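Single-structure report; data block below.
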Amino acid sequence: MKKGLATGIIAILAVLAIVFGVLYATNSADMAKKIDALTAEIEAKDAEIEALKADAAVKAEEEAKKAEEEAKKAEEEAPLEILVYDEAANNHGVQSGWFGKIVKDKFNITLNIIAPQQVGKEVYYTRLADGDLGDIIILNKSDFKSCVEQGLIKDITAEYEKSENLKRFDTQIRVYNNDFGGTIYGFPTEMTDTSPTDKTADATDDQPMVRWDLLEQVGAPDIANMDEMLDVLAKIHEIHPTNDEGDPAYIFSLWADWDNNDQMIGPANVSHITTWYGEKLKQSAILKADNTFTKVTDKTASYYKVAKFINKAYQMGLVDPDSGTQDWNTVCSKIQAGRVDLLWYAWQRGFWNTSKERLDAGSYFCLLPVADQLYYTGADPFYGSDRVWGVGSKVDDAKYAKIMEFLDWYASDESLMIQHAGLEGFNYVLNEEGKPVAAASNALSDNLTVPDEFGGGGYQDGFNALNQWIGASICVNRLLGERCASSLWSTADPTYTAGWQARYGAKDGIDYMKQHDQLLASPSVPFVPAADTADIELIRADVKDALTKYTWQMFFAEDDAAFDALWDAMVEEIEAYGYDTLYNWDVAVYQPEVDAKIEAINAAK
């Protein structure tokens, strides 16, 4: 029994061993197959991964190449910055807005403006010492000549000869460059296509102007002299102490950032107004109506007379208390807001005389006639104004080519129209006869929003910040057969109100002056003042500083005694600095210009 059981168990175990052996063999074969399949799958995945890696590397290389090409293209398409040293500019920095868009779209450039009127004259001497004023340079004529001699200005003869639009002023440009032996280094600003003796504008550069509606309310009386003028202005202030919004208004609102400019010494608020009495500052010397010179220290001459006039206005409460601490931009905004009731610079009218509604209401600034005044004015500046355009000697060939392309366009009919009339389709439209008709004449004064197609933003904000032109606004746009100045278009509204015209029996200020023999028009002649010697330059700097400082103090003197004490102190100080030497120098420098003007007058008779 035990032996049979054992034998049975052994048999069962043997069977189980056989069964498990078969099962093991079967499972091992399957396992091997599975392992082989898995291995094959892994290898396939590895191959796929390697392929993906290779594809990614190729794509990465392509993306890198594409990025490099795009960066290169962007660099090529990025606007070229042109650095402009500009003595006329009132704004410092990059030109923005609608005019910035025009130069970007046309030339792919940006204009980065250095404005010494804003940052100080020291920037001129700093850049002069560095030997690089800028890419485009706008300087007064005497400094420009000095910079040519120092090698800071590029000879542009070859490119000028290839120009198209600049050649419109070829006579004037060649006359100016005679001083350089005929080599073309620059061209004057604001040249005209008229003649040296014409007077095309409806106003002298400098003249007293008040709003006709205010003058009419105080009776528009005859005015004999400056004292009576102040009496009338005081009455205007009485009826107009504030603007419509209740902000204070004043007769005078003065600013300092134009001082010692335009070849005239002292505060601009005095130097410009001296022309009301037939006199014109030539640096430190006063040119009188009889073509002789006198000193600014002459108490019978216009400098003392005008400084005293402003002080008397201050004593009468007619001067804005912000005067002396504000700049031109602030004053401009006050003019636009109706807070300034006497203008002395004809260009200022454009910030108020802007709409048919104001014209019809009589709310236009017009000449305030004063019987004892004689208005000195330059005739049309055929040979240009006192500044010159040039190109810096350090510019590379690519930038030079772009600059000359821009400057030639800047002298074109298209550009002159943009500069002086604005944007077609916004500032003006063309009528059925193809003549320009004003559409938004208040765009500048009211900083109207510019349509997006022109660049958007405020019109004044995007206005041409160069503030200087090659051709003056009286030039004819040959494409339209009209002058560029909108006030001179055949479609233009009158520039003077009907009430003023009826009261004074004249079409405009120039017509009135001619009728009353009160216009002294000085012909345009080619003239470049000699540059100062080092000694004269030092004397001039001291005299300018002292004269300007004391004159501003005189404006705010509390009484006549304080005014005269300041005058005497000023005279003593500038004479100690060498004023007499400076005066004699300036007379000698400007006498040839006077002689040329006399010759031009005699030739025109």
Side-chain angles (χ1 to χ4, degrees), residues 85-90 92 114-128 133 138-147 189 205-206 254-275 279-287 293 295-297 301-304 306-307 310 323-329 331 344-345 347 385-388 467-468 529-555 566-567 570-571 573-575 577-579 581-583 585-587 589-590:
Y85 182 89
D86 186 356
E87 287 197 340
N90 289 312
H92 182 81
I114 300 171
Q117 288 193 144
Q118 292 296 306
V119 298
K121 184 71 172 180
E122 293 78 13
V123 69
Y124 172 73
Y125 298 107
T126 300
R127 300 192 68 86
L128 197 67
L133 282 178
I138 305 171
L139 281 176
N140 69 67
K141 287 180 176 178
S142 59
D143 284 343
F144 190 87
K145 184 177 181 181
S146 175
C147 287
T189 58
D205 291 335
D206 306 295
L254 313 177
W255 65 99
D257 42 317
W258 289 9
D259 292 356
N260 295 303
N261 212 337
D262 296 324
Q263 305 295 304
M264 296 185 288
I265 197 171
N269 301 277
V270 175
S271 58
H272 281 264
I273 295 179
T274 60
T275 60
E279 298 184 352
K280 173 72 173 176
L281 271 164
K282 297 292 183 178
Q283 291 287 14
S284 67
I286 297 175
L287 176 64
F293 287 97
K295 298 177 179 179
V296 293
T297 55
S302 56
Y303 193 93
Y304 179 88
V306 173
I310 294 175
S323 298
T325 60
Q326 62 189 356
D327 63 7
W328 158 248
N329 291 324
V331 175
W344 52 256
Y345 193 32
W347 175 70
S385 66
D386 291 330
R387 297 191 181 103
V388 186
N467 197 35
Q468 194 66 85
D532 289 346
T533 64
D535 289 343
I536 291 296
E537 191 173 301
L538 290 172
I539 295 172
R540 190 180 305 283
D542 288 336
V543 169
K544 286 197 312 188
D545 288 347
L547 185 76
T548 303
K549 174 187 70 176
Y550 278 107
T551 304
W552 274 101
Q553 291 176 5
M554 282 183 263
F555 291 163
L566 287 165
W567 176 271
M570 179 193 75
V571 171
E573 188 166 323
I574 65 174
E575 287 181 347
Y577 285 135
Y579 172 73
T581 300
L582 180 63
Y583 168 77
W585 169 272
D586 286 336
V587 169
V589 165
Y590 285 95

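Excluded from the calculations below are hydrogen atoms, water molecules and symmetry mates; all remaining heavy atoms, backbone and side chain alike, are included. The structure presented is a predicted model; accordingly, all values stated were derived computationally and were not measured. One-based numbering along the sequence shown.
Taking the side chain as every heavy atom from C-beta outward, Y304 and T297 never approach each other to under 4.5 Å. For the pair I114 and R127, the minimum side-chain heavy-atom distance is below 4.5 Å. Residues K141 and K145 are not in side-chain contact: their nearest non-hydrogen atoms beyond the backbone lie 4.5 Å or more apart. With contacts defined as side-chain heavy-atom distances shorter than 4.5 Å, the pair D143/N140 qualifies. A heavy-atom distance below 4.5 Å is found between the side chains of W258 and Y345. The shortest side-chain heavy-atom distance between I574 and Y550 does not fall under the 4.5 Å cut-off. By the 4.5 Å heavy-atom criterion applied to side chains, Y583 and S284 are counted as neighbours. Contact annotation: the side chain of I286 approaches that of S302 to within less than 4.5 Å [non-hydrogen atoms, C-beta and beyond].
Inspection of the D86 and Q468 side chains reveals no N or O donor paired with an N or O acceptor under 3.5 Å. Side-chain polar atoms of D259 and T548 form no donor-acceptor pair below 3.5 angstrom. With no hydrogens or angles considered, a side-chain donor-acceptor pair links T551 and Y303 at under 3.5 Å.
By the ring-ring contact (aromatic ring centres under 6.0 Å, His included) test, F555 is found to be paired with W552, residues two or more places apart in sequence or in another chain being considered. Every residue was checked against the side chain to side chain donor-acceptor pair (under 3.5 Å) condition with T274, not counting sequence neighbours, and none meets it. Qualifying salt bridge (Lys or Arg N to Asp or Glu O under 4.0 Å) partners for D206, counting only residues two or more places apart in sequence or in other chains: none.
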Next on the checklist: Test side-chain contact (heavy atoms from CB on, under 4.5 Å) on C147 and L133; report intermediate values, then the result.
Outcome noted: CA-CA 9 Å; C147 287; L133 282 178; 3.6 Å; yes
Item to check | Check against side-chain contact (heavy atoms from CB on, under 4.5 Å), T533 and W585 | outcome: CA-CA 10 Å; T533 64; W585 169 272; 3.6 Å; yes
Item to check | Stepwise side-chain contact (heavy atoms from CB on, under 4.5 Å) check, Y85 with V123 | outcome: CA-CA 10 Å; Y85 182 89; V123 69; 4.0 Å; yes
Next on the checklist: Show, in sequence, the C-alpha distance, side-chain angles and deciding distance for Y579 and V296, and conclude whether the side-chain contact (heavy atoms from CB on, under 4.5 Å) test is met.
Outcome noted: CA-CA 10 Å; Y579 172 73; V296 293; 3.4 Å; yes
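Atom CE of M554 sits about 10.5 Å away from atom CD1 of I310, to the nearest 0.5 Å. Annotation: the span from Q283 atom CD to S271 atom OG amounts to 10.5 Å, rounded to 0.5 Å. Separation of atoms CG (D386) and CG (L139) is listed at 12.5 Å; rounding is to 0.5 Å. For the atom pair OG1 of T275 and CG of L281, the computed distance is 9.5 Å after rounding to the nearest 0.5 Å.
Within the 3.5 Å criterion, the main-chain N or O of R387 finds a donor-acceptor partner in the side chain of T189. For K280 (side chain) and H272 (main-chain N/O), no donor-acceptor pair under 3.5 Å exists by modelled atom type. In this structure a side-chain-to-backbone donor-acceptor pair under 3.5 Å is missing from S142 to A531. A donor-acceptor pair is defined here as one N or O able to donate and one able to accept, closer than 3.5 Å; such a pair exists between the side chain of D257 and the backbone of W328. Under the 3.5 Å distance criterion, the side-chain polar atoms of Q117 are matched with a main-chain donor or acceptor of A89. Without hydrogens or angle criteria, N260 side chain to P267 main chain gives no donor-acceptor distance under 3.5 Å. With hydrogens and angles ignored, the 3.5 Å screen pairs a side-chain donor or acceptor of Q118 with a backbone N or O of N90.
Of the listed residues (D532, D545, T581), just one forms a side chain to side chain donor-acceptor pair (under 3.5 Å) with R540, and that residue is D532.
Taking a cutoff of 4.0 Å between a charged side-chain nitrogen and a carboxylate oxygen, K295 and E575 do not qualify as a salt bridge.
Considering all non-hydrogen atoms of both residues, V587 and A285 come closest at CG2-CB, 4.0 Å.
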